[in-house]
Number of protein chains: 2
Amino acid sequence: MTSSRATLVQVAERAGVSLASTSRALHGSGASAAMVERVRAAADELGYSPDAVGRSLRMKRTFQIAFAAADIGGPAHVEMMTAIHGELAPHGYRVVVLATGDTAASTADLVHSLNSGFADGMVLVPPRTDDLLADSLRRRDAPVVVVGRASGDHGADSVSTDSAAGIGRAVRHLRETGRRRIGFLGGPADSVPGEERRRGFDAATAGGGGPPAVAEAAAEFTVAAGEVAARRLLDRAAADGGPLDAVVAADDLLAIAVLRAARERGLSVPGDLAVTGVGDTELGRIFQPSLTSVSLGWAECGRSAARIMLDLVRGRGEGARRVRVEPRLIVRESTGGAAPGAAGDPAADTPEP
Amino acid sequence: MTSSRATLVQVAERAGVSLASTSRALHGSGASAAMVERVRAAADELGYSPDAVGRSLRMKRTFQIAFAAADIGGPAHVEMMTAIHGELAPHGYRVVVLATGDTAASTADLVHSLNSGFADGMVLVPPRTDDLLADSLRRRDAPVVVVGRASGDHGADSVSTDSAAGIGRAVRHLRETGRRRIGFLGGPADSVPGEERRRGFDAATAGGGGPPAVAEAAAEFTVAAGEVAARRLLDRAAADGGPLDAVVAADDLLAIAVLRAARERGLSVPGDLAVTGVGDTELGRIFQPSLTSVSLGWAECGRSAARIMLDLVRGRGEGARRVRVEPRLIVRESTGGAAPGAAGDPAADTPEP
DNA sequence: CCGAGGGGCGGAAACGTTTCCAGAACCGCT
DNA sequence: AGCGGTTCTGGAAACGTTTCCGCCCCTCGG
């Protein structure tokens with residue numbers, strides 16, 4: 001906290017030239033070499049650094065992009081945020097993080113707050129959607145890229161992964177490796193991912209000839225909640241149609257909960273029970289047994305969203321784009337895949353598209 | 001992207017009152033009830049929302065706080081960021097995330113960039129420190145709170161945990177539970193945390209009567225790098241003074257690497273080998289066996305830093321504060337502690353201060 | 001009834017920057 | 001020498017807001 005900062009006018013005075021020339025010399029073009037030299041020197045002497053706010057006011061651009069999600073600490077959002085930051089920072093954009101809150105209404109409020117112009121655009125991961133949110137999206141002043149399926153036709157661009165199809169791949173993989181009785185451990189049914197993944201499981205198991213598929217839902221996407229639901233799931237299946245030989249979980253944390261419940265009951269994984277998760281998180285990669293998981297490509301979603309956003313704020317928006325990132329199944333030990341040589345080494349994993 | 005936004009002048013015209021009164025009616029005080037009513041109505045009709053940039057220019061406050069760390073995706077930084085956001089958002093402040101880069105020089109640049117005034121202050125987690133950074137901190141225009149030990153006396157406030165003392169607690173705990181030959185698996189020796197934790201281990205084991213302590217350092221704080229170093233550590237100890245019965249790792253990821261290496265060699269944990277980590281990450285809580293770990297209270301660090309920052313930007317800065325967060329040892333299965341009833345349930349853990 | 005005080009309002013000046021516009025200087029060409 | 005064109009410079013006007021400073025008028029106390 002030394003002195004109060006030098007302004008452009010002071011630099012101009014010191015250099016003995018006009019304000020306009022000073023500005024041009026520092027940032028714009030159309031200044032002579034001598035002028036640039038002279039102004040640079042004056043600026044250096046004064047320790048001048050341009051004021052971001054003044055510049056924003058004039059240029060009507062803040063060089064900031066907002067990233068909003070319900071829980072900014074969750075692995076999915078962290079991965080996206082990191083990717084977004086990595087994509088945006090080299091172009092001179094800053095990332096400001098916001099929390100949507102759990103409801104669609106609070107999310108709509110957040111979108112509305114963007115109208116105060118503190119950022120040039122927003123990458124939004126809505127936890128839930130409804131008409132109110134769609135309305136809010138339609139009335140926005142700045143570009144918004146929605147990550148994940150968002151209901152209604154707000155005019156916003158979107159990036160999403162077909163997690164339902166991803167679940168389908170997990171089910172197919174289990175069938176192909178000889179599993180017959182597959183259970184589903186889902187998440188909160190009223191959340192965007194919870195609903196979609198459940199739908200994927202139902203679609204993948206519909207029309208199968210065997211005993212009806214059994215499903216349970218955890219109250220939250222956490223190991224603790226998952227463990228309770230996993231016990232219920234295993235018990236219910238055993239009592240009603242025979243024990244499961246595979247569980248598809250809607251999330252890696254839930255899958256790990258299944259792993260723990262299985263160990264409680266003395267079931268070996270993948271011998272007695274195969275388990276798959278969703279998200280391809282570091283946790284699942286490192287856990288023992290390592291976890292077969294549907295990768296939703298969060299980092300890639302983030303990158304795509306950031307790139308679209310960059311186009312939009314630069315005025316290259318041609319209609320609402322809808323980018324889809326392909327889910328991939330990463331086979332590891334929990335469904336009988338090979339143990340990776342070194343943990344965290346992606347080359348050792350077996351992608352199965 | 002409907003129409004371009006309404007400004008305060010337009011609201012004033014519509015309400016038929018002066019600009020000054022309009023501003024007062026909406027935000028300030030000293031406006032009659034009738035005036036407030038009238039202006040509110042006009043603002044609503046026009047869908048007015050105040051411009052953040054204009055306001056910032058005038059008020060010389062952006063209502064933004066920067067959070068900067070080397071890898072914003074790491075568990076420590078994520079936990080801090082979440083805590084900072086949680087503390088700041090209710091007071092109307094936004095959080096913008098920045099990456100420092102790996103070196104002290106790039107960190108210094110980042111601190112310098114704060115002089116452009118895009119944020120009112122910065123919470124900084126420097127990956128490495130040197131005189132250049134200290135200089136940069138001394139010349140800053142906006143308040144900075146440094147998290148973690150930062151060398152030199154820059155005048156900035158700081159929040160840190162004595163991780164060296166935390167390592168000491170881990171060593172004491174191992175001694176008290178009958179471990180005799182304790183090894184250390186450290187991180188990069190030239191990083192701030194790597195250096196400090198190594199120092200803590202040396203201090204805790206100095207003067208012990210037994211065979212000299214054995215230590216290895218991983219190239220990075222990752223499981224993969226840790227596994228390589230862990231194998232070296234176990235081999236070297238066995239060849240030179242007898243096998244270890246405990247390993248203190250400088251990080252939870254490194255501790256998990258030790259767990260894997262132990263399993264490779266058929267060592268039971270905690271039977272043959274006790275293992276402790278640092279960071280009390282979710283990964284360690286969930287892993288099997290669950291990991292005894294030194295909690296550095298990252299969330300608390302973040303909260304404290306945010307609170308100090310809030311005081312600073314509000315002008316209540318009385319000299320450089322140095323807050324210390326106490327490390328706590330969380331005893332779990334990997335050193336013989338009880339298995340938690342449900343994963344992630346902190347009440348089931350055994351804190352040992 | 002008069003003066004002091006205060007609450008409420010409007011005019012205008014900032015805050016720091018970029019950029020439009022007009023003018024000046026200079027160059028090359030006929 | 002005259003003229004069209006290019007290159008550079010300076011003046012001034014925004015951008016949207018808050019707040020200082022007068023001014024008016026009302027009220028209250030003497």
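So you know, we letter chains A, B, ... as the sequences are listed, proteins then strands, and number each from 1.
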Quiz item: Contact class for B/Val17 vs. all strands (heavy atom < 4.0 Å): base, sugar-phosphate, or nothing?
Solution: sugar-phosphate
Quiz item: Which part of the nucleic acid does B/Ser23 contact within heavy-atom distance under 4.0 Å: base, sugar-phosphate only, or nothing?
Solution: base
Practice problem: Answer yes or no on whether B/Arg5 is positioned over the face of B/Tyr48, meaning its NZ or CZ is under 6.0 Å from the six-membered ring centre and within 45° of the axis. | Solution: no
Practice problem: May I ask you to check if B/Arg94 and A/Phe118 form a cation-pi contact, with NZ or CZ under 6.0 angstrom from the six-membered ring centre and within 45° of the axis? | Solution: yes
Taking atom [atom2] of [N] as reference, at what distance in whole Å does atom [atom1] of [X] sit?
| X | N | atom1 | atom2 | result |
| --- | --- | --- | --- | --- |
| B/Leu8 | D/dC15 | CG | P | 14 Å |
| A/Leu57 | D/dA13 | CG | C1' | 13 Å |
| B/Arg55 | C/dG16 | CZ | P | 18 Å |
| A/Glu13 | D/dG10 | CD | P | 13 Å |
| B/Asp141 | C/dC15 | CG | P | 17 Å |
| B/Leu26 | D/dT19 | CG | C1' | 15 Å |
| A/Leu19 | C/dT18 | CG | P | 9 Å |
| A/Asp51 | C/dC15 | CG | C1' | 8 Å |

Self-check item: Atom CZ of B/Arg40 with >12 non-hydrogen neighbours under 6.0 angstrom
Solution: no
Quiz prompt | Partner of A/Leu124 under side chain to side chain contact (heavy atoms under 4.5 Å, CB included), chosen from A/Val147, A/Val111, A/Val145, A/Leu98 | solution = A/Val111
Quiz item: Closest nucleotide of DNA chain C for B/Arg58 versus for B/Ser32: which of these residues is on the 5' side?
Solution: B/Ser32
Exercise. With DNA chain C as reference, determine whether B/Gly30 or B/Met59 sits nearer its 5' end, using the nearest nucleotide of each.
Key: B/Gly30
Quiz item: Does OP1 or OP2 of C/dG10 have a side-chain N or O of B/Ser21 closer than 4.0 Å?
Solution: yes
Practice problem: Output yes when at least one side-chain N/O atom of A/Lys60 is less than 4.0 Å from OP1 or OP2 of D/dG16, else no. | Solution: yes
Practice problem: Starting from the C-alpha separation in whole Å, work towards a yes-or-no answer on salt bridge (charged side-chain N to carboxylate O under 4.0 Å, His left out) for A/Asp135 and A/Arg139. | Solution: CA-CA 6 Å; A/Asp135 252 35; A/Arg139 288 200 223 298; 3.3 Å; yes
Quiz item: Which nucleotide, C/dC9, C/dC15, D/dT17, lies nearest any side-chain atom of B/Thr7?
Solution: D/dT17
Quiz item: Looking at D/dG10, does its base get a donor-acceptor pair with the side chain of A/Arg24 below 3.5 Å?
Solution: yes
